[in-house]
Q: 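Below: one structure in structure tokens.
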Amino acid sequence: MNVQQPAGYPVGESIDDHQIPFWHNPARRALVYQLAALIITAAIGGYLFHNTVVNLKRQSIATGFGFLEREASFEIGESPIPFSASQSYARALLVGLLNTIKVAVTGVCLSLVLGLFVGICRLSGNWLVARLAALYIEVFQDIPVLLQLFFWYAVFYDSLPPPRLAITPLPGVFLCNRGLIFAVPQDHPAYRAMAAAFLAGCVIVFLLRRWARKRQERTGRIFPVVRTSFGMLLGLPFMVWAGAGFPVAIRVPQLSGFNFSGGMAISPEFTALLLGLVLYTAAFVAEIVRAGIQAVSKGQSEAAMAIGLKPWQIMNLVILPQALRIIIPPLTSQMMNLTKNSSLAVAIGYPDFVSVASTTINQTGQAIEGVAMIMVIYLIMSLITSAFMNWYNRKKAIIER
Amino acid sequence: MKTFGRWGWSVVLAVLVFSPAVFGGTLDDVKAKGYVQVGVNGQLFGFGMPDEKGEWKGLDVDTGRAIAAAIFGNVTKIKFVPLTAVQRFTALQSGEVDVLCRNATWTLSRDTQLGLNFVQVNYYDGQGFMVPKKMNIKSAKQLDGATVCVLPGTTTEQNLADYFRTNNMKMKPVVIDSNTELNKAFFAGRCDSLTSDVSQLAGARSVAPNPADYVILPEVISKEPLAPAVRHGDDQWKDIVNYSVLALIAAEEMGITSKNVDEMLKSTNPEVQRFLGVVPGNGKALGLDEKWAYNIIKLVGNYGEVFERNVGAKTPLALERGLNALWTKGGLMYSPPFK
């Protein structure tokens, strides 16, 4: 049956353009709502800003970022860059930021490795291995991370001896309640050459892998990539070292006064924070990995078995590439969680960004500026993580033809 | 129009939450609430910490109680808010507490830039160092290269850096946010020394696993006048807090204690009569009941009583009166006349 065009409407124009009032048009209604939301948000934001400024003025609290230039006049326990109390707040905050990045990057890498391992163990056919993995996940997921940090920190300072009675598991390595202190080789030009050789090794390995994959696609012959890669990465620097005549001068830490001097030290604060964050986050990563692997249809591994792949090949070549697509998005948020949880550092004395920023806030009274900086820094770190993971996710996504 | 309804509520809520606080004066706010909110330490034995029965004890706590007594004639109309060193000033600025009685050092920058006003000092302190006895250290000058445990965001942290810089010594700070955790780390040997105000060191030592194993070094490296603080811009409230503290001192000067305060009401001394409100005037001037000072002394005691009860010789802290004795006895405690 034909629909009659109502009188008065020119033929060719659609009905809903004219007959239906705009508030019944979902698209336009949405636009109006969004506009309204924007105006209200802007109004509230503007009002809050105005209110804050007025209140600060009334209480005569100083504002602005000028304080960043002033002398910090406090020391920071550990720092990747030289820092002393006579330097500026800006430099102190940079030290805090670097400390945060240090613990976050190390933590993310370690928790991915551990999480992947535990997640795979959780699915192992071996009853004991699977149970142990399950037990690990339950224990570490269920205890608040702050408690875990307190626990690990207490383990370090309570169970380890003072510097004078330090444990020496290996010559030149000392373990005491001031941390793990170990000997480092004395500076020698050969070490820089070795680093260069290592980098060259990385490039060669990268090219070799591409060549090997192409050759395998063409001829079906498998090249032992893993073994040769290890050989390259270790062998090249070793050859350089041998060529330079094996320089072995080492700076052994000496007990002088209260503590060891010379060598490198890893503080108990850093170790406790890293350990706590990694063990906690890895439990979540393991569950994500397990879920991802279980989501890959059983037929895939059966098919892989049928063509005679070994178990590690099934995992590496068939299961993980497919599971990764499911794993990556939730993994991103775990990585961000770890970064954000690192701000609990102040509880156990690791000078991270939040810790240094709170000290700054307290000494200068610039709470709003300080908190704004904390928010911006964590926002930027989250955005970078998320951008990187999205890129990786696109790379790993199924390329549909 | 479910969506509109939700929006409407959001707007109403936003307006309610963010409407400018009507600035009526802290005294009116406190009276309307029915209690005064006092920011205290919460972890500092002798100054502000709940005892095993959950009852708040300490010199700063009693200072807070004196303020409640002055306003309400009742020391239970008070709410203690434990604050960390980092939280304390923000809590006061944002109105979370009405007054801060939390061993805060009165400094120029805090007085000027933080929007705060400090009142009469309720404890004259100075920063010192505590070390384990078995280290055999006699002076802070021997601490070159030491690892030092310190609270974050305190004047202590700066004094520490200053002291080592001036004496050309090196040190490594371990900075932990919580008093309890910091002390635990020190007593477990994570640091060679713990630095803080001497009163705090005594407090920490008194709750140490074995107090006799620790000594406080003789050097006092800074002046730490600890005083309650109020928000900038409310002079009446500042006066009330200030004179509540001064009343404790004045009572000790006049020999009025919680035990003899009722007898002293009959005193013929005009100063005592004015102080206790027998002759009216002082209360009205402050906007309080004429009995305000009487209530403080009756319910809390005078400064000497407060000192002895919380940190004095018979307490585990065993602090000397020292600078905190009355001016007539060689100390710095001095009250302007209550006229």
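All chains are named by letter (A, B, ...) in the order of the sequence lines, taking the proteins before the strands, and each is independently numbered beginning at 1.
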Q: Let's test your reading of the structure: which of B/K184, B/K172, B/R165 forms the most heavy-atom pairs below 4.5 Å with chain A?
A: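 Of the candidates given, the most pairs with chain A belong to B/R165.
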Q: Look at A/P161, A/G349, A/A43, A/S267 and state which one has the largest set of heavy-atom pairs under 4.5 Å with chain B.
A: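 Top option by heavy-atom pairs under 4.5 Å: A/G349.
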Q: Measure distances from B/D144 to the heavy atoms of chain A and classify the residue's part below 4.5 Å as side chain, backbone, both or neither.
A: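 Only the backbone of B/D144 comes within 4.5 Å of chain A.
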Q: By a 4.5 Å heavy-atom criterion (distance strictly below it), what part of B/C149 contacts chain A: side chain, backbone, both, or neither?
A: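 It is neither, since no heavy atom gets under 4.5 Å.
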Q: Looking at B/T105, B/T156, B/V220, B/L201, which hits side-chain contact (heavy atoms from CB on, under 4.5 Å) with B/Q127?
A: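 When side-chain contact (heavy atoms from CB on, under 4.5 Å) is applied between B/Q127 and each of B/T105, B/T156, B/V220, B/L201, only B/T156 qualifies.
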Q: Measuring heavy-atom distances to chain A, does B/D162 have an atom under 4.5 Å in its side chain, in its backbone, in both, or in neither?
A: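 Contact with chain A: side chain only.
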Q: Minimum heavy-atom separation for B/K138 and B/N136, please, with both atom names.
A: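 Result for this residue pair: NZ-OD1, 3.6 Å.
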Q: I'd like to verify something: which residue of A/D158, A/V356, A/N177 has the highest number of heavy-atom pairs under 4.5 Å with chain B?
A: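 Of the candidates given, the most pairs with chain B belong to A/N177.
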Q: Using 0.5 Å steps for rounding, measure from the CZ atom of B/F118 to the CG atom of B/L226.
A: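 Output value for this atom pair is 9.5 Å.
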Q: With only heavy atoms counted, which part of B/L143 is less than 4.5 Å from chain A, the side chain, the backbone, both or neither?
A: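 When you check distances to chain A, atoms from both the backbone and side chain of B/L143 fall under 4.5 Å.
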Q: Heavy-atom cut-off 4.5 Å, strictly under: side chain, backbone, both or neither for A/I76 against chain B?
A: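 Only the backbone of A/I76 comes within 4.5 Å of chain B.
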Q: Is the backbone of B/G128 close enough, under 3.5 Å, to the side chain of B/T195 for a donor and an acceptor to pair up by distance?
A: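 Flag set: sc B/T195 to bb B/G128 pair under 3.5 Å.
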Q: For each of B/G145, B/P173, B/S178, B/A161, tally heavy-atom pairs with chain A at distances under 4.5 Å, and name the one with the top tally.
A: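 Of the candidates given, the most pairs with chain A belong to B/P173.
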Q: So for A/F156, is it side chain, backbone, both, or neither that comes closer than 4.5 Å to the heavy atoms of chain B?
A: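 Interface part for A/F156: neither.
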Q: Please check this pair: side chain of B/Q37 against backbone of B/D98, looking for a donor-acceptor N/O pair closer than 3.5 Å.
A: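 Side chain of B/Q37 to backbone of B/D98: no pair is present.
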Q: Among A/P351, A/S84, A/G179, A/P268, which residue has the highest count of heavy-atom pairs closer than 4.5 Å to chain B?
A: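 Highest number of pairs under 4.5 Å: A/P268.
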Q: Picking from B/T147, B/L160, B/T90, which has the most non-hydrogen pairs under 4.5 angstrom with chain A?
A: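 So the answer, after comparing B/T147, B/L160, B/T90, is B/T147.
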Q: Given a strict heavy-atom distance threshold of 4.5 Å, which part of A/A72 is in contact with chain B: side chain, backbone, both, or neither?
A: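 For A/A72, the backbone is the part near chain B, not the side chain.
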Q: Need one label for A/T364: side chain, backbone, both or neither, based on atoms under 4.5 Å from any heavy atom in chain B.
A: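 For A/T364, the backbone is the part near chain B, not the side chain.
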Q: Looking at chain B, which one of A/P162, A/P163, A/S86, A/C176 has the largest number of heavy-atom pairs inside 4.5 Å, strictly under?
A: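 Among A/P162, A/P163, A/S86, A/C176, the one with the most close pairs to chain B is A/S86.
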Q: Which heavy atom in B/D177 sits nearest to a heavy atom in B/L151, and how many Å separate them?
A: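 Minimum heavy-atom contact is O-CD2, 3.9 Å.
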Q: Do the side chains of B/R190 and A/E269 get close enough for a salt bridge, i.e. N-O under 4.0 angstrom?
A: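 Yes.
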Q: How long is the straight-line distance from CD1 of A/I348 back to CG of B/L182, given to the nearest 0.5 Å?
A: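 Going from the CG atom of B/L182 to the CD1 atom of A/I348 covers 13.5 Å.
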Q: Check A/L273 against A/S342 and note the closest heavy-atom contact, atom names and distance.
A: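 Result for this residue pair: CD2-O, 4.2 Å.
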Q: Does the side-chain hydrogen bond (donor to acceptor under 3.5 Å, both in side chains) test come out yes or no for B/E224 and B/S222, once each step is laid out?
A: CA-CA 6 Å; B/E224 307 287 336; B/S222 70; 2.5 Å; yes
